[in-house]
**Q** 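Submitted below is the structure of interest, expressed as structure tokens.
Remember, it's 1-based here, ligands and their atoms both numbered in the order they're listed. None of the values given here were measured: they were computed from a predicted structure.
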Amino acid sequence: MNEEWLVCKTTGAYLEGLDEIIVTRVQSGTPGVTSMVQMLIRKGGKRIRPALLLLSGSFGRSLSKDLLFPAAAMEMLHVASLYHDDVMDQATRRRQGPTVNNLYGNASAIHAGSFLFARAMELLADTGANLSQVVSHAVSNLCLGQLRESEYRYDVTASTDHYLAVIRQKTASLFELPCTLGAMLAEAGPDIVQAMAHFGKNLGMAFQLVDDLLDLTGDGTIMGKQPGADLREGVYTHAALLALQQPASREDLVGLLLLDVITDAELDRAIGIIKDSGALGETSMLAEHYVRDAIAAIEPLPQTPAKQSLLNLASYVTERRK
Ligand code: FPP
Ligand code: MG
């Protein structure tokens, strides 16, 4: 881990052992399957969700290295959701390389994701704690958010409230979960569990809003995935929906978005219309609002390196370029 926001040295040192746990726990007995399941893990990633579990755990009785196992489960659950997501989005690139579905086909990618998910659940079961209610709640929300997003594909009349409800489920639930679990497993009091859950939820909202802005304006070589994918796939995110609501931009934008096949030049024009509408700034301001809510939630917690890491992470989320 070499993330500048992570100033909590204990958490950083524990996270050094994360990949080994994951790589070991997804062994399948069949080398080809194992390498497919390990593929995205080996390509790196930000490791935000496992870090959140450990950092939250530091506000309980003591930060134990045992928390690294449920932390690994959070990353496996996240990667499992990406395997499934890339099938649904027909994505060809992620983390600077081809997606699993691109290399192995949709059916294999779906089963590899489900296998990762099952092994993540096994790691959580190994904790011996009764986590099934909180975990099943988060995972069902994750799936429902993704399904609701699909249901509204190519809907140029969708509301921004609907979009926010979708990202609350598909993304914020998987930021809230590690924060809740870390505090619960470390036996923190109910007020701390609640504060951490609130932090994670709001951080997740900001994270997805920025992710969606990067899809419109980001640099594909830095992000390691193709920008413009949302509009191409009919996923109209916050800024696009705002531009669609404005009479001055709506007609031209709808004309481009609902073309049977959209060329690169037409996609650029659609992004230009969204930019000219001022929607990007409005979406950024909303992301900042969620970051402020996240920061306010942990304000009562003691000033430790773990808290400083969470505060740094909150700033990083809106400044990041990948
Ligand atoms: C990325 O969204 C994907 C998610 C936030 C979660 C998707 C959840 C599922 C597919 C359900 C998975 C279920 C199980 C049981 C594992 P995005 O497409 O906006 O981001 P991207 O640009 O990184 O693709
Ligand atoms: Mg996607």
**Q** Would you tell me whether Thr92 and Thr99 have side-chain atoms, one donor and one acceptor, within less than 3.5 Å of each other?
**A**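 The answer is no; no qualifying pair exists.
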
**Q** Check whether any N, O or S atom of Asp230 sits under 2.8 Å from the Mg ion (ligand 2).
**A** no

**Q** Within the 4.5 Å heavy-atom criterion, are Ile48 and Phe207 side-chain neighbours or not?
**A**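 Ile48 reaches Phe207 side chain to side chain.
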
**Q** Just to check, does Asp211 reach to within less than 4.0 Å of ligand 1 when the distance is taken from its heavy atoms?
**A** yes

**Q** Test of understanding: given a 4.0 Å heavy-atom threshold, classify the contact between Asp89 and ligand 1 as side chain, backbone, both, or neither.
**A**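 It is the side chain that gets close, since no backbone atom is under 4.0 Å.
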
**Q** Could you tell me if the side chain of Leu123 sits less than 4.5 Å from the side chain of Pro70, heavy atoms only?
**A**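 No; the side chains remain at least 4.5 Å from each other.
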
**Q** Report yes if some N/O of Asp86 lies less than 3.5 Å from some N/O of ligand 1; otherwise report no.
**A** no

**Q** Hey, are Thr157 and Asp155 close enough side-chain-wise for a donor-acceptor pair under 3.5 Å?
**A**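 A donor-acceptor contact under 3.5 Å links the two side chains.
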
**Q** Taking heavy atoms and a distance under 4.0 Å, where does Lys170 meet ligand 1: side chain, backbone, both or neither?
**A** both

**Q** Give the single entry among Ala229, Ala80, Ser81 that approaches atom 8 (C) of ligand 1 most closely by any heavy atom.
**A** Ser81

**Q** Using distance alone, determine whether Thr171 and ligand 1 share an N or O pair under 3.5 Å.
**A**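 Min N/O separation from ligand 1 is not below 3.5 Å for Thr171.
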
**Q** If we ignore hydrogens and angles and just use 3.5 Å, is the side chain of Ser249 paired with the main-chain N or O of Ala243 as donor and acceptor?
**A**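 Yes: the side chain of Ser249 pairs with the backbone of Ala243.
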
**Q** Please find the N/O/S atom of Asp89 nearest to the Mg ion (ligand 2) and write down its name.
**A**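 Closest N, O or S atom of Asp89 to the Mg ion (ligand 2): OD2.
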
**Q** Would you say Asp85 has an N, O or S atom lying under 2.8 Å from the Mg ion (ligand 2)?
**A** yes

**Q** Please report which non-hydrogen protein atom sits nearest to atom 3 (C) of ligand 1, along with the residue it belongs to and the distance in Å to one decimal place.
**A**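 Result for atom 3 (C) of ligand 1: Asp85 CG, 3.5 Å.
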
**Q** Which residue owns the protein heavy atom closest to atom 24 (O) of ligand 1, what's the atom, and how far is it?
**A**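 Looking only at protein heavy atoms, the one closest to atom 24 (O) of ligand 1 is Arg94 NH2, 2.7 Å.
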
**Q** Contact between Leu216 and Leu231 at the side-chain level, heavy atoms closer than 4.5 Å - yes or no?
**A** yes

**Q** Can you name the atoms of ligand 1, numbered from 1 with element, that are less than 4.0 Å from a heavy atom of Gln208?
**A**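 Those of ligand 1 that fall under 4.0 Å from Gln208 are 19 (O).
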
**Q** Could you list which atoms of ligand 1 come closer than 4.0 Å to a heavy atom of Lys225?
**A**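 Taking each heavy atom of Lys225 in turn, ligand 1 has 21 (P), 22 (O), 23 (O) under 4.0 Å.
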
**Q** Under a plain distance cut-off of 3.5 Å, with no hydrogens placed, do His238 and Thr283 share a side-chain donor-acceptor pair?
**A**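 There is such a pair between these side chains.
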
**Q** Of the side chain and backbone of Asp230, name the one, both, or neither that has a heavy atom under 4.0 Å from an atom of ligand 1.
**A**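 Neither; nothing of Asp230 gets under 4.0 Å from ligand 1.
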
**Q** Among the heavy atoms of Cys143, does any lie under 4.0 Å from an atom of ligand 1?
**A**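 Cys143 counts as a contact of ligand 1 under the 4.0 Å cut-off.
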
**Q** Any idea which protein heavy atom is nearest atom 14 (C) of ligand 1, and the distance to it?
**A** His84 ND1, 3.9 Å

**Q** Does one side chain, of Glu266 or Thr263, offer a donor that lies under 3.5 Å from an acceptor on the other?
**A**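 Per modelled atom types, Glu266 and Thr263 side chains form a pair under 3.5 Å.
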
**Q** Please state which protein non-hydrogen atom is closest to atom 7 (C) of ligand 1 and give its distance, to 0.1 Å?
**A** Gln146 OE1, 3.2 Å

**Q** Going by atom types only, do Gln146 and Asp85 share a side-chain donor-acceptor pair under 3.5 Å?
**A** yes

**Q** Side-chain contact test, heavy atoms from C-beta onward, threshold under 4.5 Å: evaluate it for Gln245 versus Leu242 and give yes or no.
**A** yes

**Q** Consider only side-chain N and O atoms of Asp212 and Tyr163, and report whether a donor and an acceptor are under 3.5 Å apart.
**A**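 Short answer, yes.
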
